[in-house]
Peer 1: 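I'd like to ask you about the structure that follows.
Please read all numbers here as calculations on a predicted model, not as lab measurements. A, B, ... follow the sequence lines: proteins, then strands. Residue 1 opens every chain. Side-chain atoms are counted along with the backbone in the values below, which use heavy atoms only and exclude waters and symmetry mates.
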There are 2 protein chains.
Amino acid sequence: MFCKVPNSKRRLYHQFCGLARALDFVGERWTLLIIRDLLLGPKRYSDLLNGLPGLTTNLLAKRLKELEQDGLIEKTKVPPPNPASVYQLTNLGLELEPFLLAGLEWGHRFLTRPTEEEVLDIGWSLLRLKNLYKTGYQLTFEVHTENKIYHSALRPQQIAVRDGPHPDSELRLTGPPVYIHELFFGPTPASELPDQGLIVVEGKFGRWPRLLAAFGLS
Amino acid sequence: MFCKVPNSKRRLYHQFCGLARALDFVGERWTLLIIRDLLLGPKRYSDLLNGLPGLTTNLLAKRLKELEQDGLIEKTKVPPPNPASVYQLTNLGLELEPFLLAGLEWGHRFLTRPTEEEVLDIGWSLLRLKNLYKTGYQLTFEVHTENKIYHSALRPQQIAVRDGPHPDSELRLTGPPVYIHELFFGPTPASELPDQGLIVVEGKFGRWPRLLAAFGLS
DNA sequence: CCGGATCCTCGGTGATACTG
DNA sequence: CAGTATCACCGAGGATCCGG
């Protein structure tokens, strides 16, 4: 059995309520965003630090320590070659996904175009596909931006969205993050962007319309 | 159209991500708990203050101002008699319910028995019935504790949980909050508590088993 | 009494520098 | 690369006071 209250001595709400208890665990600044990034795959300390501009190293260290103590994440060693310690979600941490996705869904309405000072990691947008997917498809595709690669695996009963390439990818979308975002969530019909040359679609024939259908795009 | 970023100048994440944007609005301390309480019905300033021990008056005032500016709540006047200004959720605020309920569901696993210093408002527990209800029933019931009354209206397609009595209540559960909680969510079969005299069930015949069935209780 | 505003203190947050 | 140490600051918490 897990502990019923966060371990480290932070400020608690002292309310016998599921929501208050959840916020006792992950309600502090940056915590939920760290979990969001780990939802896309295990990450090293510096990966998290670089991926979360504004979060400083001392606070990241503190958050990771708390999350580990609380049993939401665990620090594991990646076997050689390239031995490194990475942080990944435990089952308890993974189960925060519905909470996280619900918040992402609510806040999505405010996203139009990123402002000058705003950071955009296309993985954050791709997570929303988990809310949109209606099941019943079989397809694996990759998304390539400048320096990052994500993939998504659509199966009849589920969808996975993770960082990195996929060994059996059938389709590849390449383009700037902002256009990838617009392709999936923008007001313009998704099929226009490749036509305009803003996004390059490569891969097996017939997979592209299937991808559009899987998320109800035109 | 609503504003795309919170109005008041607080600390923002500056990330082009729905979750980060949601947290820009409601990620600060106490904010989501205020919305939780308003989800159960409109409330006056002092209602909120009394219902949220630990929240101080200055901070409540600040939060309410921010929430109103952001368009999540609105301050309305209740007509006489007993004219008072109450705060209630706007549609935008109401749409936070899935997010809130998802968090409540995740944190619920940590609730066993309230500790000495922990506050328990049975309305918070009753909100979870929204997650448990499977549709297909028709029933209205009230929950009476010492000084608070809540009601729930089960309809074929939806469920409502609010504070106050209901004009057409068919069933009334009376007892201490901790036993009401245990009745719905405790490990012991729900039907035992009335048998032991810890909870009093009154109302129309046949409604009691229907209530148990509506939430998958034994 | 209701609905706040003001003052003060303390701890969490953020920025920078430093170390194994 | 993966953190720790130090410090400034601001927001949270607590108490008191104010206007209707």
Peer 1: Would you please say whether a donor-acceptor pair under 3.5 Å links the side chains of A/Thr57 and A/Tyr45?
Peer 2: yes
Peer 1: Expressed in angstrom and rounded to an integer, what is the separation of A/Leu67 atom CG from D/dG3 atom C1'?
Peer 2: 16 Å
Peer 1: Looking at B/Lys75, does any N or O in its side chain come under 4.0 Å of the phosphate oxygens OP1/OP2 on C/dG4?
Peer 2: yes
Peer 1: Between residues 46-55 of chain B and DNA chain D, which residues have a heavy-atom gap below 4.0 Å?
Peer 2: B/Gly54
Peer 1: Quick one: are A/Arg29 and B/Tyr13 in side-chain contact, heavy atoms under 4.5 Å?
Peer 2: yes
Peer 1: For a quick test of reading the model: is some side-chain N or O of B/Tyr13 closer than 4.0 Å to OP1 or OP2 of C/dG14?
Peer 2: no
Peer 1: Do we get B/Arg155 above B/Tyr133's six-membered ring, with its NZ or CZ under 6.0 Å from the centre and within 45° of the axis?
Peer 2: no
Peer 1: In whole angstroms, how far is the P atom of D/dA12 from the NZ atom of B/Lys65?
Peer 2: 14 Å
Peer 1: Which nucleotide in the set D/dA12, D/dG3, C/dG14 lies at the smallest distance from any side-chain heavy atom of A/Tyr87?
Peer 2: D/dG3
Peer 1: Would you indicate which nucleotide in C/dA15, D/dG3, C/dT13 comes nearest to any side-chain atom of B/Arg11?
Peer 2: C/dT13
Peer 1: With a cut-off of less than 4.0 Å, is there a side-chain N or O of A/Arg29 near OP1 or OP2 of C/dG14?
Peer 2: yes
Peer 1: Specify the separation, in whole Å, of atom CG of A/Leu60 and atom P of C/dG12.
Peer 2: 17 Å
Peer 1: Does this structure show an ion pair linking B/Glu28 with B/Arg10, if we count only N-O contacts that are shorter than 4.0 Å?
Peer 2: yes
Peer 1: Quick one: A/Leu12 CG to D/dA12 P, roughly how many Å, whole number?
Peer 2: 16 Å
Peer 1: Is the shortest distance from a Lys or Arg side-chain nitrogen in B/Asp163 or B/Lys43 to a carboxylate oxygen in the other one below 4.0 Å?
Peer 2: yes
Peer 1: In whole Å, what is the span from the CD atom of A/Glu68 to the P atom of D/dA2?
Peer 2: 14 Å
Peer 1: Please give, in whole Å, the distance from C/dA5 P to B/Leu59 CG?
Peer 2: 13 Å
Peer 1: Measure all distances between protein nitrogen or oxygen atoms and nitrogen or oxygen atoms of nucleotides 5-8 of chain D, and list the pairs falling under 3.5 Å.
Peer 2:
none

Peer 1: Taking the basic N atoms (NZ, or NE/NH1/NH2) and the acidic carboxylate oxygens, is any pair closer than 4.0 Å for B/Glu68 and B/Lys65?
Peer 2: no
Peer 1: Can you tell me the distance, in whole Å, between the OH atom of B/Tyr45 and the C1' atom of C/dA5?
Peer 2: 9 Å
Peer 1: Is it the case that the side chains of A/Asp121 and A/Tyr150 hold a donor-acceptor pair, with the cut-off being a distance below 3.5 Å and no angle test?
Peer 2: yes
Peer 1: For the pair made of NZ in B/Lys62 and P in D/dC10, what is the distance, rounded to whole Å?
Peer 2: 12 Å
Peer 1: Between B/Arg172 and B/Glu142, is the closest basic N to carboxylate O distance under 4.0 Å?
Peer 2: no
Peer 1: What's the closest nucleotide to the side chain of B/Arg44 if the choices are C/dG14, D/dG13, C/dG3?
Peer 2: C/dG3
Peer 1: State whether A/Trp30 places a side-chain N or O below 4.0 Å from either non-bridging phosphate oxygen (OP1 or OP2) of C/dG12.
Peer 2: no
Peer 1: For B/His181, give me all partners under side chain to side chain contact (heavy atoms under 4.5 Å, CB included), at least two apart in sequence or on another chain.
Peer 2: A/Phe16, B/His108, B/Leu111, B/Ile122, B/Ser125, B/Phe185
Peer 1: Can a salt bridge be assigned to the pair A/Arg109 and B/Glu95 using a cut-off of 4.0 Å between side-chain N and carboxylate O?
Peer 2: yes
